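Below: one structure, written as structure tokens.
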Number of protein chains: 2
Amino acid sequence: MPAEPTPAETPGRGRRAARPSGDDRERAILGTAEQLLTQRPYADVSVDDLARGAGISRPTFYFYFPSKEAVLLALLDAVVAEARLRRDTALRHPAPDPERRWRQVIAAIQEPFRTHRAVTLAAAEARASSPAVREVWSAVMERFVTETAAEIDAERARGAAPPGLPSRELATALNWMNERVLHTTFAGHGPAVGEADVVDVLLGVWLRAIYGEPHPRGSTP
Amino acid sequence: MPAEPTPAETPGRGRRAARPSGDDRERAILGTAEQLLTQRPYADVSVDDLARGAGISRPTFYFYFPSKEAVLLALLDAVVAEARLRRDTALRHPAPDPERRWRQVIAAIQEPFRTHRAVTLAAAEARASSPAVREVWSAVMERFVTETAAEIDAERARGAAPPGLPSRELATALNWMNERVLHTTFAGHGPAVGEADVVDVLLGVWLRAIYGEPHPRGSTP
DNA sequence: CGACGGTGTCAACAGGGTGTCGAACGCCTA
DNA sequence: TAGGCGTTCGACACCCTGTTGACACCGTCG
């Protein structure tokens with residue numbers, strides 16, 4: 001149990017300090033993990049696989065990461081950070097009308113998760129057994145929901161959207177819908193929407209649920 | 001342990017034959033499992049826990065079930081069978097208007113999963129690692145989606161619902177939304193809708209998505 | 001009656017995974 | 001040349017799963 005002097009970022013997990021040769025190993029582990037996760041589920045990737053893939057022994061792996069979970073968390077943090085960034089950008093970027101605006105937002109979130117689908121699916125899998133992963137996921141969803149609810153309130157306030165379900169609950173339902181539909185599209189288990197159509201379908205439901213009609217009234221100034 | 005007379009079907013998994021004294025043990029294992037799952041996650045329940053809970057040794061457990069997974073599958077089959085039954089009943093039962101009809105259907109599905117939430121959550125957890133659980137879940141969702149799509153088509157055909165997204169894709173999105181929202185409500189992880197409101201919220205989105213308005217036109221004869 | 005086979009039971013084992021500990025190995029600095 | 005420190009890994013302790021082989025119980029059939 002190594003005492004934690006002061007990690008750079010991601011306080012609490014990860015290893016203690018960053019050192020040149022060590023960084024290569026860390027990257028090798030991360031790279032091996034993402035690569036292996038495209039081939040088999042998270043549960044079937046052992047610490048030994050990760051270590052071998054990075055050219056080190058299993059005990060040495062533990063010098064860099066406290067557990068397999070921490071590797072996934074590091075990978076997930078990066079994807080989540082990008083999704084947040086893209087979403088914020090889309091939210092700030094002006095759009096000619098609400099439909100395009102919402103499409104930008106939905107597509108912005110979908111993009112990083114699609115690109116790193118192995119990490120996304122592994123995270124969804126690990127959420128069951130890892131409180132830390134669950135925590136990250138919850139925080140992301142919480143943020144998306146809160147922001148979506150604020151957007152809905154704004155649309156209602158300016159008269160573009162009619163009143164309806166409480167915005168917070170509507171936003172919760174819509175965001176979880178996106179999460180699950182995207183997941184099935186990426187995973188291919190059970191009934192799924194094709195990858196080419198998924199944004200259109202989600203957008204379609206959002207518009208109807210928020211505006212009550214396929215095409216919202218009024219446009220953004 | 002609401003006693004489910006569902007043996008005989010599901011050939012292939014489970015143990016070979018049913019015998020009087022052995023049935024008690026089988027029920028004890030099933031009961032222990034459902035009870036333990038209300039206390040801790042599926043992954044933290046070992047075969048040994050199940051065996052001890054049923055008053056037998058671990059090897060003896062394997063006489064009754066081939067694995068921990070099979071126990072969950074047996075539990076899940078019962079819940080799923082009840083959900084299907086209730087849904088079919090709701091679908092056949094006439095309702096004064098579409099809103100009440102859809103509410104009946106959504107509530108019918110939600111009920112058994114809510115009552116057996118430990119099994120529901122365990123199944124969701126195990127879906128990641130167990131192809132068999134995933135299979136059962138996929139089949140259920142597939143059926144719900146297909147039937148929902150048919151209902152939407154019927155509503156459109158009789159002029160009650162306007163055209164919109166392809167019914168199959170709309171049905172896919174709505175059913176997965178229900179699955180995930182119900183899950184978060186039961187699990188309490190991340191943003192969730194309160195248990196008392198969840199059917200109303202889901203129904204609200206379904207109505208808007210299918211009919212384009214809070215209250216659908218026309219009523220069922 | 002008594003051996004016989006199916007049902008039911010478990011101690012012991014094999015196998016594979018995780019996380020830890022302590023010895024050792026460079027390599028830089030004094 | 002000696003230490004100190006970052007780094008590495010062999011060996012170990014532990015936990016869990018699933019299997020094996022011996023054995024006990026019991027109804028039943030020769």
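Predicted model, so just to flag it, every value in this text is computed and none were measured. Here is the naming used below: chain letters follow the sequence lines, and residue numbers restart at 1 for every chain.
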Any residue meeting side chain to side chain donor-acceptor pair (under 3.5 Å) with B/S167, in chain and number order, not counting sequence neighbours
B/D153
Under the side chain to side chain donor-acceptor pair (under 3.5 Å) rule, collect the residues that match up with A/T38, sequence neighbours excluded.
none
Whole angstroms only, please: what is the OH-P distance between A/Y64 and C/dT18?
19 Å
Can you name the residues that form a salt bridge (charged side-chain N to carboxylate O under 4.0 Å, His left out) with A/R87, not counting sequence neighbours?
A/E147
B/S130: what forms a side chain to side chain donor-acceptor pair (under 3.5 Å) with it, not counting sequence neighbours?
B/E69
Between C/dT18 (C1') and A/E69 (CD): distance, integer Å
13 Å
By a strict heavy-atom criterion of less than 4.0 Å, which residues belonging to residues 30-43 of chain A are in contact with DNA chain D?
none
Mind checking ring pair (Phe, Tyr, Trp, His ring centres under 6.0 Å) for B/W206 and listing every partner two or more places apart, or none if nothing turns up?
B/W102
In whole Å, I'd like the distance from the CG atom of A/D24 to the C1' atom of D/dT7.
14 Å
Contacts of B/D48 meeting salt bridge (charged side-chain N to carboxylate O under 4.0 Å, His left out) (sequence neighbours excluded), chain-then-number -> B/R52
Quick one: is A/T60 getting a side-chain N or O under 4.0 Å of the D/dT7 phosphate, OP1 or OP2?
no
Counterpart residues, side-chain contact (heavy atoms from CB on, under 4.5 Å), relative to B/L85 (two or more places apart)
none
Once you round it to whole Å, what is the distance between P of C/dA11 and CD1 of B/I56?
13 Å
Let me know the distance between CZ of A/F65 and C1' of C/dG19, rounded to the nearest Å.
16 Å
When every nucleotide of nucleotides 13-25 of chain D is labelled 5' to 3' by its protein contacts under 4.0 Å (heavy atoms), B for base, S for sugar-phosphate only, - for none, what sequence of letters results?
----BBB------
Considering only NZ, NE, NH1 and NH2 on the basic side and carboxylate oxygens on the acidic side, decide whether A/R168 and A/E142 come within less than 4.0 Å.
yes
Value in whole Å for how far the P atom of C/dG17 lies from CG of A/L50:
13 Å
